[in-house]
Amino acid sequence: MIKGKHIVLGICGGIAAYKTASLVRLFVKAGAEVQVIMTPAAKEFITPVTMSALTGKPVVSEFFTANTGEWHSHVDLGLWADVMVIAPATASSIAKMANGVADNMLITSYLSSKAPVFIAPAMDLDMMAHPSTTRNIEMLRSYGNRIIDPAVGELASHLVGKGRMAEPDEIFNTINDYFSRREDLAGKKMLITAGPTYEKIDPVRFIGNYSTGKMGYAIADEAATRGADVTIVSGQVNIKPTSDNVKVIKVESAREMLAECQKLFPKSDIGIMCAAVADYTPTEYVNHKIKREKEEIPVIKLTKNPDIAASLGAQKKPGQLLMGFALETDNEDFNAIDKLKRKNLDYIVLNSLRDSGAGFGTDTNKISIFDVNGNKRCFPLKSKREVATDIIDTIISR
Ligand code: PMT
C-alpha cells in the first residue's frame with residue numbers, strides 16, 4: 001500500500017507540470033510523504049510555493065540555498081525514496097537521464113537513486129516520435145526504469161497525437177499497484193536458474209552459449225522486490241542481482257547446476273528454469289591443453305547432459321510450481337508446448353530468436369507464456385525487467 005511510503009516526485013519544464021498538483025494531492029491523501037524536486041524550467045510552469053503547500057515540504061531545486069548556504073544532498077534524497085516518479089518527463093530531461101548528464105538537482109538525484117523509477121513522458125507529438133526520443137526512452141527502459149506511456153489526445157500545440165502525459169489518477173494507480181504487488185510473494189521460496197553452462201573440453205576450452213543471465217537475474221530481482229526468498233543457480237555471467245535479498249550460487253557445468261537444483265528444489269515453492277543449459281557435454285575431459293601441432297584434427301565426442309527442468313518436473317510435489325523457458329528458432333509454439341509437456345512444467349515462456357530484440361544478451365525480450373491447458377498469452381517487446389514483471393504476475397495469477 002502507498003500509505004507511509006516516501007515518494008520523490010521530479011517535475012520537469014513542460015505544460016503538463018500543472019497536473020502534478022493533482023497528483024501530489026492523490027499521493028498525500030493516500031498517506032504518502034512526497035518530496036518534490038523541480039528542474040529550473042519546471043518553475044516556469046508551476047510554482048514551488050504551490051507544490052510545497054501541497055506536500056508540506058520545501059521544494060528542492062538547487063544544490064544549495066544561496067542565502068543560508070544550506071546544501072541539498074541528492075544522495076540523501078535518492079536513498080530516502082521508496083519510489084521516484086518523474087512527471088512530466090520532457091524530451092530534454094529524458095535525454096539527460098538516458099545519458100547521465102547530471103546538470104541539475106533532479107538528474108543527479110535520479111542518477112543516485114536506488115529506488116525504482118517511474119517516468120511519465122509528456123511532449124509534442126513530433127518530439128515524442130523523434131528517433132532520439134524513442135532511443136532515449138528505450139535506453140531508460142533497459143536500465144530497468146518503468147515508462148508510464150503518454151496518451152493520444154490534444155496537445156498544448158493544439159495538434160492531436162501521442163504525447164499527453166498520463167492523467168494523475170493513472171500515474172497514481174500505477175504507483176499504488178506497484179506497492180500493492182510488492183509483498184505478493186512474501187514467504188515464498190524461489191529457485192531460478194540463469195546464464196549459460198560451460199562444458200569443459202580441456203583446461204582452456206569449453207562448449208558454451210551466448211546467455212548473459214540478464215533475463216534470469218531480472219526475474220530474481222523482480223521476485224525479491226515482491227517479497228520472495230530467491231536463490232539463483234547461475235552459470236558464469238558478469239552481472240549481479242540489484243536486490244540484496246537474492247542469493248547466488250555460481251556453477252559451471254550442467255551437472256553442477258543439476259546438483260544445486262536437486263538440493264534446493266524440494267525446499268522451494270516455485271522454480272523458474274531460465275538458464276541456457278548445454279544439451280551435450282564432451283564424453284571425456286582432456287586434462288592438458290590439446291595442442292594445435294598435432295597432425296590429426298581432434299574429434300570431440302559428446303554425450304547427453306541431464307535435463308534439469310525435466311528432472312525437477314519428475315519430482316514436483318502438489319503445491320510446487322515449475323516454469324521453464326523455450327528458446328526457439330522455428331516451429332516455436334509446437335516446440336514450446338512439447339517441452340512444457342515432456343518436462344512436466346506448469347508454464348513455459350517462449351522466446352524466439354526470430355524476433356529482433358528477443359533472446360540472448362539484449363536488454364529486452366519478447367515472450368509468450370503457455371500454460372498446461374494450452375492457453376497462450378503474447379506480450380510485446382519490453383525491457384527484461386518488465387518481462388520479469390509479466391512472468392511473476394502470471395505466476396501470482398495462479
Ligand atoms: O541470459 P540472457 O542473455 O538474458 O538470455 C535469456 C535466454 C535467451 C537464455 C532465456 O530467455 C531463455 O530462453 N532461456 C532458456 C534457454 C534454453 O536453453 O532453452 P531450451 O529450449 O533449450 O530449454 C528448455 C528448458 O529446459 C529451459 O527451461 C532450460 O533451462 C531447460 N533445460 C534445457 C536443457 C537441459 N539439459 N536442462 C534444462 O533444464
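Note that the coordinates shown come from a computational prediction; the quantities given were computed from them, not determined experimentally. Order of appearance sets the numbers: ligands from 1, and atoms from 1 within every ligand.
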Between Thr364 and Arg385: side-chain donor-acceptor atoms closer than 3.5 Å: no
Heavy-atom nearest neighbour in the protein, as seen from atom 9 (C) of ligand 1, with distance rounded to 0.1 Å: Ser211 OG, 3.7 Å
Gly324 N/O under 3.5 Å from ligand 1 N/O: no
Option whose closest heavy atom lies nearest to atom 21 (O) of ligand 1, chosen from Lys339, Arg255, Met257, Met215: Lys339
Working for side chain to side chain donor-acceptor pair (under 3.5 Å), residues Gln320 and Gln315: CA-CA 10 Å; Gln320 283 185 307; Gln315 57 181 270; over 6 Å; no
Audit row: Tyr217, Ser234, side chain to side chain donor-acceptor pair (under 3.5 Å) steps and yes/no: CA-CA 9 Å; Tyr217 279 62; Ser234 170; 2.8 Å; yes
Heavy-atom pair of closest approach, residues Ile7 and Ala32: CD1-CB, 3.7 Å
Lys263 bridged to Glu260 by N-O distance under 4.0 Å: yes
Heteroatom distance test (Lys343, ligand 1): nitrogen or oxygen, under 3.5 angstrom: yes
Non-hydrogen atoms of Ile348 and Leu340 that approach each other most closely: N-CD1, 3.5 Å
Any N or O of Ala276 closer than 3.5 Å to N or O of ligand 1: no
Within-shell test, Ala194 vs ligand 1, heavy atom, strictly < 4.0 Å: no
Heteroatom proximity flag, Ala326 to ligand 1, N/O under 3.5 Å: no
Closest protein heavy atom to atom 36 (N) of ligand 1, given as residue, atom name and distance to 0.1 Å: Pro306 O, 3.0 Å
Nitrogen or oxygen of Gly195 less than 3.5 angstrom from that of ligand 1: no
Thr362-ligand 1 polar pair, N/O distance under 3.5 Å: no
Nearest non-hydrogen protein atom, atom 2 (P) of ligand 1: Thr212 OG1, 3.4 Å
Test: Lys366 cationic atom under 6.0 Å from Phe379 six-membered ring centre, within 45° of axis: no
Salt bridge (Lys or Arg N to Asp or Glu O under 4.0 Å) involving Arg226 - partner list, sequence neighbours excluded: Asp184, Glu222, Asp393
Qualifying salt bridge (Lys or Arg N to Asp or Glu O under 4.0 Å) pairs, either residue in residues 125-134, two or more places apart: none
Donor-acceptor pair, side chain of Asp307 and main chain of Ala310, under 3.5 angstrom: yes
Shortest heavy-atom approach to atom 34 (C) of ligand 1 - which of Asp279, Asp307, Thr197: Asp279
Shortest protein heavy-atom distance from atom 19 (O) of ligand 1, along with the residue and atom involved: Leu327 N, 3.5 Å
Per-atom contacts, ligand 1 versus Lys214 - under 4.0 Å to a heavy atom: 1 (O), 2 (P), 4 (O)
Nearest-neighbour protein heavy atom for atom 27 (C) of ligand 1, which is reported as residue plus atom name and distance: Phe325 O, 3.0 Å
Close N or O approach (Thr193, ligand 1; < 3.5 Å): no
Closest to atom 30 (O) of ligand 1 among Gly235, Ala275, Gly361, Cys274 (heavy-atom distance): Ala275
Protein residue, atom and distance nearest to atom 37 (N) of ligand 1, heavy-atom basis: Ile308 N, 3.1 Å
Basic-acidic side-chain contact under 4.0 Å: Lys189, Asp229: yes
Validation row: Val83, Lys5 side chains within 4.5 angstrom (heavy atoms): no
Winner among Ser234, Ala278, Gly213, Ala309 once heavy atoms are compared against atom 39 (O) of ligand 1: Ala309
Mode of Asn351 contact toward ligand 1 - side chain, backbone, both, neither (heavy atoms, under 4.0 Å): side chain
Region of Pro196 that comes within reach of ligand 1 [heavy atoms, distance under 4.0 Å]: neither
Residue Met273 vicinity, atoms of ligand 1 by number, heavy atom under 4.0 Å: 27 (C), 28 (O), 30 (O)
Sidechain N-carboxylate O distance under 4.0 Å for Arg255, Glu199: no
